[in-house]
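Right, one structure below, let's go through it.
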Amino acid sequence: MNETLIFAPEVREALAAGGPVVALESTLITHGFPYPANVETALAMERVIREQGGVPATIAVLDGQITVGLSAEQIERLAALGQAGVRKCSRRDLPIVVGLRQHGATTVAGTMIVAHMAGIEVFATGGIGGVHRGHPEDVSADLIELGRTPITVVCAGAKSILDLPLTLEVLETQGVPVLGYGTDTLPAFYSRSSGLPVDQRVDTPEQVAAIVAARRRLGLQHGTLVTVPVPEEDALPNDEAERAIAEATRQAEAAGIHGKAVTPFVLAKVLELTGGRSQRANIAALVNNARVAAQIARAIAG
Ligand code: PSU
Ligand code: MN
């Protein structure tokens, strides 16, 4: 096992036994949600993975040490440090936080890299990064990582703060299969459908496991994206989400926000503008994705 990583004992044991481990990201704790919803959501995702017979492994960098399987105390500590005290870590940031012994919260890209080092196949998150609306040059490192790191990422699609058609184009170029879990169309995070077709609909964890097994047999190095619609009762009406996103994007533009600060800024504004209704959809999607990811991890562990 990788010597540069620190493992929670239960994660180490589960991996040694080939058990169903599910990786979780930490940017949603520091940059995605306000306190205490961030900690509550992180713990709720862990709980639902355990209920499904899986083992959760929340990933972050604390004092330069890459940790696979944060304790509840470590999740609290990360939340208390907050955005100001923790670097948002995609690929380029990992050597900086490790080399200079800083704290880091891993994005989808960062979490995929660490999960792969750790020998974890399945990872649950909310929305992946993508191509920003009106800024086709701003392509999330998440999409490039999906093209080169063989991890199965379970998400609720992507928020329509992104240009979803362009995001799908980049995924195609990167060689990433986009699967719709119980759906023929790409979910748009707050709402159940973007209207855009996925590459393949799947309806069971076993079908995802079969695709992952084939990827391994073929020696292919790309990630697999499993997109799960937000539960119906928690979805946000499409026009309400759209209005908030358009306004949040306009404010980001006006404030001159760019680079890695765009996504956290827009997410916080959308939350403000929908009076917390987006937060309910967000949390429901995250917990639901964690459940599906645990079922897929079990099917893969066989
Ligand atoms: N989208 C969400 N919620 C999030 C993120 C994206 O709906 O919390 C976070 C994830 O960690 C994702 C990152 O990997 O933002 C993407 O940031 P960027 O656009 O800077 O690549
Ligand atoms: Mn971005």
Side-chain angles (χ1 to χ4, degrees), residues 23-34 37-38 41-42 45 58-61 78-79 82-83 86-94 104-115 123-147 149 151 153-164 166-167 170-171 174 176 186-191 194 223 225 227-228 230 236 241 244-245 248-249 252-253 257-271 274 278-290:
L24 298 168
E25 63 152 301
S26 44
T27 294
L28 73 95
I29 300 172
T30 50
H31 294 69
F33 280 112
N38 54 354
T41 306
M45 290 177 82
T58 301
I59 289 169
V61 184
L78 203 63
Q83 274 198 37
V86 183
R87 181 186 288 258
K88 176 181 161 188
C89 286
S90 288
R91 178 176 279 266
R92 62 147 182 212
D93 306 282
L94 282 172
T106 50
T107 62
V108 169
T111 306
M112 288 179 73
I113 294 168
V114 175
F123 162 29
T125 186
I128 58 162
V131 182
H132 286 270
R133 275 195 203 176
H135 287 276
E137 75 287 359
D138 184 348
V139 178
S140 174
D142 293 354
L143 303 184
I144 309 306
E145 207 57 50
L146 279 159
T149 302
I151 294 292
V153 179
V154 181
C155 68
K159 292 193 172 136
S160 49
I161 61 172
L162 302 170
D163 184 322
L164 298 180
L166 268 189
T167 298
V170 175
L171 287 168
Q174 292 294 320
V176 181
L186 180 75
F189 198 96
Y190 296 121
S191 55
S194 65
L225 199 59
T227 63
V228 188
V230 63
L236 208 60
I245 285 166
T249 310
E253 202 76 49
I257 309 287
H258 55 87
K260 72 198 278 193
V262 173
T263 299
F265 181 94
V266 174
L267 294 184
K269 280 290 168 212
V270 169
L271 187 73
T274 59
S278 66
Q279 184 162 307
R280 181 173 144 205
N282 208 335
I283 293 172
L286 283 160
V287 172
N288 190 50
N289 295 346

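Read the numbers this way: they start at 1 and go in the same order the structure lists the ligands and their atoms.
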Please write down residue, atom name and distance for the protein heavy atom closest to [atom].
{"atom": "atom 11 (O) of ligand 1", "result": "Glu25 OE1, 2.8 Å"}
{"atom": "atom 6 (C) of ligand 1", "result": "Gly127 O, 3.5 Å"}
{"atom": "atom 8 (O) of ligand 1", "result": "Leu267 CD1, 3.8 Å"}
{"atom": "atom 21 (O) of ligand 1", "result": "Ser140 OG, 2.7 Å"}
{"atom": "atom 7 (O) of ligand 1", "result": "Lys159 NZ, 2.6 Å"}

Using distance alone, decide if ligand 1 has a nitrogen or oxygen within less than 3.5 Å of any nitrogen or oxygen in Leu28.
->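 No - when backbone and side-chain N and O of Leu28 are compared with those of ligand 1, no distance drops under 3.5 Å.
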
N/O separation below 3.5 Å, Thr106 to ligand 1 =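 N/O-N/O distance under 3.5 Å: no.
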
With heavy atoms only and a cut-off of under 4.0 Å, state how Thr263 meets ligand 1: side chain, backbone, both or neither.
->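 Looking at Thr263 and ligand 1, just side chain atoms fall under 4.0 Å.
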
Option nearest atom 16 (C) of ligand 1 (shortest heavy-atom distance, choices Thr27, Val262, Asp142) |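 Comparing heavy atoms across Thr27, Val262, Asp142, the nearest one to atom 16 (C) of ligand 1 lies in Asp142.
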
Counting heavy atoms only, which of Lys88, Met112, His132 is nearest atom 17 (O) of ligand 1?
->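 Looking at heavy atoms only, Lys88 sits closest to atom 17 (O) of ligand 1.
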
Within the side chain of Ser194, is there an N or O that forms a donor-acceptor pair under 3.5 Å with the backbone of Leu186?
->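 Such a contact is found between Ser194 side chain and Leu186 backbone.
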
Is the backbone of Gly127 close enough, under 3.5 Å, to the side chain of Lys159 for a donor and an acceptor to pair up by distance?
->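 It does not hold such a pair.
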
When you look at Glu25 and Ile59, which way does the side chain to side chain contact (heavy atoms under 4.5 Å, CB included) test go after all the steps?
-> CA-CA 6 Å; Glu25 63 152 301; Ile59 289 169; over 6 Å; no

CA sep, side-chain torsions, deciding dist, call: Val131, Leu143, side chain to side chain contact (heavy atoms under 4.5 Å, CB included) = CA-CA 9 Å; Val131 182; Leu143 303 184; 4.1 Å; yes

For the residue pair Val266 and Ala252, what are the closest heavy atoms and their distance?
->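 Closest pair (atom of Val266, atom of Ala252, distance): CG2-CB, 4.0 Å.
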
Locate the shortest heavy-atom distance separating Gln174 from Ile144; write the atom from each residue and the value.
->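 Result for this residue pair: NE2-CD1, 3.6 Å.
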
Let me see the working for Lys88 and Thr107 under side chain to side chain contact (heavy atoms under 4.5 Å, CB included), right down to the final yes or no.
-> CA-CA 7 Å; Lys88 176 181 161 188; Thr107 62; 3.6 Å; yes

